[in-house]
**Q** 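The structure's right below; bear with me while I get my questions together.
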Amino acid sequence: MSGPAGGTARAATTTDVVCLGESMVTFLPSQPGRLADVPSFGRGIGGAESNVACALAAAGHRAAWVGRVGADGFGDHLVETIGGYGVDTSAVRRDPERPTGIYFRTATDRGAGVHEVAYYRAGSAASAMSPANVPYEEVFAGRVLHLSGITAALSADCLELVRELTAPRPGRPLVSFDVNHRPHLWRGGDASVLLELARRCDLVFVGEDEAEEAWGIVGAEAIRAALPEPAVVVVKRGSAGATVFASGLRPGPRSSNAGGAENDGAEFAPDTVTPVPALRVDVVAAVGAGDAFAAGFLSATLRGLPVRDRVRHGHLMAAAVLTVPGDLTEPPARDHADRLVALDDEAWGRLRLGPGWTAADRAPEEVRTP
């Protein structure tokens with residue numbers, strides 16, 4: 001096993017969330033247009049799991065990122081930048097033989113037909129993560145372990161690692177899983193494995209669109225029916241908001257933990273179904289919003305807030321990212337976000353958030369539509 005990468009030192013206190021996955025250096029275009037026409041790019045970082053870790057740390061939680069990067073300048077940049085958000089990077093490993101992944105993207109929305117992304121991640125250091133080289137004692141050190149389906153798509157070893165990390169075991173932390181289906185990563189592969197992995201977890205984030213594309217499952221209720229084991233399933237519905245299915249679990253003879261895969265003999269209490277409308281947002285760039293939503297939901301979960309408030313915090317964290325050009329930004333101050341989350345349904349529905357809305361001195365009335 002390779003030695004630690006350095007970065008911020010591991011805190012003596014308990015880690016709230018450990019996020020494991022690939023982070024890459026991303027090159028952002030200096031102007032709109034085709035990659036062939038963009039004259040220059042600015043450097044940033046990108047990675048679903050490290051994005052969640054950075055957002056949680058910026059929101060005041062103890063977050064750690066576990067990954068694998070090359071022994072190169074791009075690896076240095078990732079570790080230093082992620083650590084700069086207050087994330088513990090001491091469990092990141094350096095690979096002397098494989099490079100850090102990078103990618104270039106256009107300025108258009110990921111869902112737009114003209115959006116382009118050029119990945120240079122094949123054979124990356126992160127793709128070599130496996131059950132043999134990941135520090136399990138670090139991975140399971142938090143109250144929550146957050147994973148995504150992106151890691152499972154990187155290589156056979158990475159898939160085996162995610163299977164190991166989602167397997168029922170005594171003392172397992174709450175396992176959060178963002179399906180994060182990326183079709184280009186599954187060319188020639190079987191994305192149905194993401195359903196298998198999700199069923200082994202406690203908390204699952206999945207979009208209606210990706211469930212249909214990856215599994216052929218249509219609608220929030222059908223998604224929940226296909227994912228009966230997780231205690232909480234968050235179905236993201238785009239502009240319609242999100243619907244949360246939350247159940248109680250009365251353990252049976254083989255149930256290792258609520259939401260684990262082996263629940264033979266367990267009885268599920270009826271779901272509590274909580275739909276929460278989305279916010280109206282003046283979007284600057286539609287990247288990183290899903291990761292921010294997960295971070296907001298997890299943050300509120302750690303605080304023990306009601307389900308509706310967890311979703312609203314997710315929407316607010318996503319809105320913070322949607323109103324800036326990059327994947328990461330400073331989230332709203334906690335008391336500011338709490339004031340908005342506490343609005344009644346009518347006032348919440350009138351909110352419209354644009355660039356600059358996260359300023360700490362903005363009162364809820366100042367971000368409402370006329």
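Here the structure is a predicted model, which is why all the values come from computation and not from measurement. When reading the values below, keep in mind they use all heavy atoms of this one structure, side chains included, and skip hydrogens, waters and symmetry mates.
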**Q** Okay, side chain of D16, backbone of R62: is any donor-acceptor separation there less than 3.5 Å?
**A**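 Side chain of D16 to backbone of R62: a pair is present.
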
**Q** I'd like to know if the side chain of D271 and the backbone of V273 have a donor-acceptor N/O pair within less than 3.5 Å.
**A**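 Not a single qualifying donor-acceptor pair exists.
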
**Q** Out of curiosity, does V321 fall in the hydrophobic cluster containing I150 (side-chain heavy atoms, cut-off under 4.5 Å, transitive links)?
**A**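 No, I150 does not connect to V321 through the hydrophobic network.
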
**Q** For the side chain of E210 and the backbone of H181, is there at least one donor-acceptor N/O pair under 3.5 Å apart?
**A**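 Yes: the side chain of E210 pairs with the backbone of H181.
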
**Q** So, do P228 and R199 sit near enough that their side-chain heavy atoms are less than 4.5 Å apart?
**A**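 Of all side-chain heavy-atom pairs linking R199 with P228, at least one is under 4.5 Å.
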
**Q** Roughly how far, to the nearest 0.5 Å, is CZ of F177 from CG of L145?
**A**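 The CG atom of L145 sits 11.0 Å away from the CZ atom of F177.
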
**Q** With side-chain contact (heavy atoms from CB on, under 4.5 Å) as the criterion, how do L194 and W186 come out once you've worked through the C-alpha distance, each side chain's angles and the decisive distance to 0.1 Å?
**A** CA-CA 11 Å; L194 294 174; W186 290 98; 3.8 Å; yes

**Q** Return yes if some donor-acceptor pair links the side-chain N/O of T100 with the main-chain N/O of G70 below 3.5 Å, else return no.
**A**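 Judged by distance alone, yes, a pair lies under 3.5 Å.
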
**Q** Between A59 and R334, which heavy-atom pair has the shortest distance, and what is it?
**A**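 Scanning both residues, the minimum pair turns out to be O-NH2, 3.2 Å.
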
**Q** Do the charged groups of D202 and R172 touch, with an N to O distance under 4.0 Å?
**A**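 Salt bridge between D202 and R172, a charged N being under 4.0 Å from a carboxylate O: yes.
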
**Q** Apply side-chain contact (heavy atoms from CB on, under 4.5 Å) to V284 and V324, showing your working.
**A** CA-CA 6 Å; V284 173; V324 298; 5.8 Å; no

**Q** For the side chain of W65 and the backbone of G21, is there at least one donor-acceptor N/O pair under 3.5 Å apart?
**A**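 Yes, W65 side chain to G21 backbone: donor-acceptor pair under 3.5 Å.
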
**Q** Hey, does the side chain of T81 reach the backbone of L78 with a donor-acceptor pair shorter than 3.5 angstrom?
**A**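 Side chain of T81 to backbone of L78, a donor-acceptor pair under 3.5 Å: no, none is there.
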
**Q** Is there side-chain contact between I223 and V206, with heavy atoms separated by less than 4.5 Å?
**A**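 Counting from C-beta outward, I223 and V206 do come under 4.5 Å.
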
**Q** Is the side chain of R224 donor-acceptor paired with the backbone N or O of L227 at a distance under 3.5 Å, no angle test?
**A**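 Yes: the side chain of R224 pairs with the backbone of L227.
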
**Q** Report yes if the side chains of R237 and T243 come closer than 4.5 Å at any heavy-atom pair, otherwise no.
**A**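 Sidechains of T243 and R237: in contact.
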
**Q** If we count only N and O atoms by modelled type, under 3.5 Å, do the side chains of S155 and D157 hold a donor and an acceptor together?
**A**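 Short answer, no.
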
**Q** Mind telling me whether F104 and F27 have parallel, tilted or perpendicular rings, with 30° and 60° as the class edges?
**A**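 It falls in the parallel class, under 30°.
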
**Q** Look only at the side chain of R93 and the backbone of V134, and say whether a donor-acceptor pair between them is shorter than 3.5 Å.
**A**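 Not a single qualifying donor-acceptor pair exists.
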
**Q** What distance do L147 atom CG and S176 atom OG have between them, rounded to the nearest 0.5 Å?
**A**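 One finds 7.5 Å between CG of L147 and OG of S176.
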
**Q** For a quick test of reading the model, state the closest non-hydrogen atom pair linking A53 to V87 and the distance between them.
**A**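 Looks like O-CG2, 3.5 Å.
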
**Q** Could you check whether R94 pairs with D76 (Lys NZ or Arg NE/NH1/NH2 to Asp/Glu carboxylate O, under 4.0 Å)?
**A**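 Result for this pair is yes, salt bridge flagged.
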
**Q** Is any side-chain heavy atom of L159 closer than 4.5 Å to one of L197?
**A**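 SC-SC contact between L197 and L159 confirmed.
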
**Q** Could you give the distance from CG (L298) to CZ (R143), rounded to the nearest 0.5 Å?
**A**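 Here the rounded value is 11.0 Å.
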
**Q** Can you tell me how far apart OG (S127) and CZ (R121) are? Round to the nearest 0.5 Å.
**A**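 Interatomic distance, S127 OG to R121 CZ, rounded to 0.5 Å: 9.0 Å.
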
**Q** In sequence, state the C-alpha distance, the side-chain angles, and the governing distance for Y85 and L56, and then conclude on side-chain contact (heavy atoms from CB on, under 4.5 Å).
**A** CA-CA 9 Å; Y85 278 87; L56 284 167; over 6 Å; no

**Q** Please check if the side chain of R34 supplies one atom and the backbone of E116 the other of a donor-acceptor pair under 3.5 Å.
**A**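 Checked: no pair found.
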
**Q** Is any side-chain heavy atom of S130 closer than 4.5 Å to one of L161?
**A**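 A side-chain contact is absent here, since even the closest heavy-atom pair is not under 4.5 Å.
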
**Q** Identify the heavy atoms of E164 and R169 that sit nearest to each other, and give their distance.
**A**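 The answer is O-NH2, 2.7 Å.
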
**Q** Do the non-hydrogen side-chain atoms of L351 and W357 ever get within less than 4.5 Å of each other?
**A**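 L351 does not reach W357 side chain to side chain.
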
**Q** Any chain of hydrophobic side-chain contacts (each under 4.5 Å) joining L302 to L305?
**A**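 In one cluster with L302: L305, no.
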
**Q** Out of curiosity, S50 OG to D291 CG, how far, rounded to the nearest 0.5 Å?
**A**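 One finds 8.0 Å between OG of S50 and CG of D291.
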
**Q** Tell me every residue that passes side-chain hydrogen bond (donor to acceptor under 3.5 Å, both in side chains) with S40, counting only those two or more places apart in sequence or in another chain.
**A**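 side-chain hydrogen bond (donor to acceptor under 3.5 Å, both in side chains) check on S40 returns S30.
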
**Q** Provide the closest heavy-atom pair for T15 versus V18 in the form atom of the first, atom of the second, distance.
**A**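 Heavy-atom minimum between the residues: CG2-CG2, 4.0 Å.
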
**Q** Evaluate the ring planes of Y119 and H184, with Trp represented by its six-membered ring, and classify them as parallel (under 30°), tilted (30 to 60°) or perpendicular (over 60°).
**A**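 Answer is parallel, since the angle falls under 30°.
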
**Q** Any side-chain heavy atom of T329 within less than 4.5 Å of one from T323?
**A**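 They are not in contact (no side-chain heavy atoms under 4.5 Å apart), so the answer is no.
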
**Q** Would R352 and D282 pass as an ion pair if we require N to O under 4.0 Å?
**A**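 Salt bridge between R352 and D282, a charged N being under 4.0 Å from a carboxylate O: yes.
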
**Q** Return the minimal non-hydrogen interatomic distance between V38 and P29, and the atom names on each side.
**A**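 So the two residues come closest at CG1-CB, 3.8 Å.
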
**Q** Between V204 and V175, is there shared hydrophobic-cluster membership here, with clusters defined by ILVMFWY side-chain heavy atoms closer than 4.5 Å?
**A**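 Yes.
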
**Q** Which heavy atom of A320 sits nearest to which heavy atom of P332, and what is that distance?
**A**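 Closest approach of A320 to P332: CB-CD, 4.1 Å.
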
**Q** Between atom CG of L340 and atom CG of D335, what is the distance when rounded to the nearest 0.5 Å?
**A**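 The distance works out to 10.0 Å.
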
**Q** Go through L165 and F140 one step at a time and tell me if the side-chain contact (heavy atoms from CB on, under 4.5 Å) criterion holds.
**A** CA-CA 9 Å; L165 296 180; F140 291 119; 3.8 Å; yes

**Q** Let me check something: do I45 and F74 share a hydrophobic cluster, defined by ILVMFWY side-chain heavy atoms less than 4.5 Å apart, either directly or through other members?
**A**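 Linked within one cluster.
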
**Q** Could you check whether D345 pairs with R312 (Lys NZ or Arg NE/NH1/NH2 to Asp/Glu carboxylate O, under 4.0 Å)?
**A**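 Judged by the 4.0 Å cut-off on N to carboxylate O distance, D345 and R312 do form a salt bridge.
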
**Q** Do the side chains of R105 and L28 get nearer than 4.5 Å, heavy atoms only?
**A**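 L28 vs R105: side chains touch.
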
**Q** Got a donor-acceptor contact below 3.5 angstrom from the D95 side chain to the R68 backbone?
**A**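 No, D95 side chain to R68 backbone: no donor-acceptor pair under 3.5 Å.
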
**Q** Please find out if less than 6.0 Å separates the ring center of H313 from that of F297.
**A**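 Ring centres of F297 and H313 not closer than 6.0 Å.
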
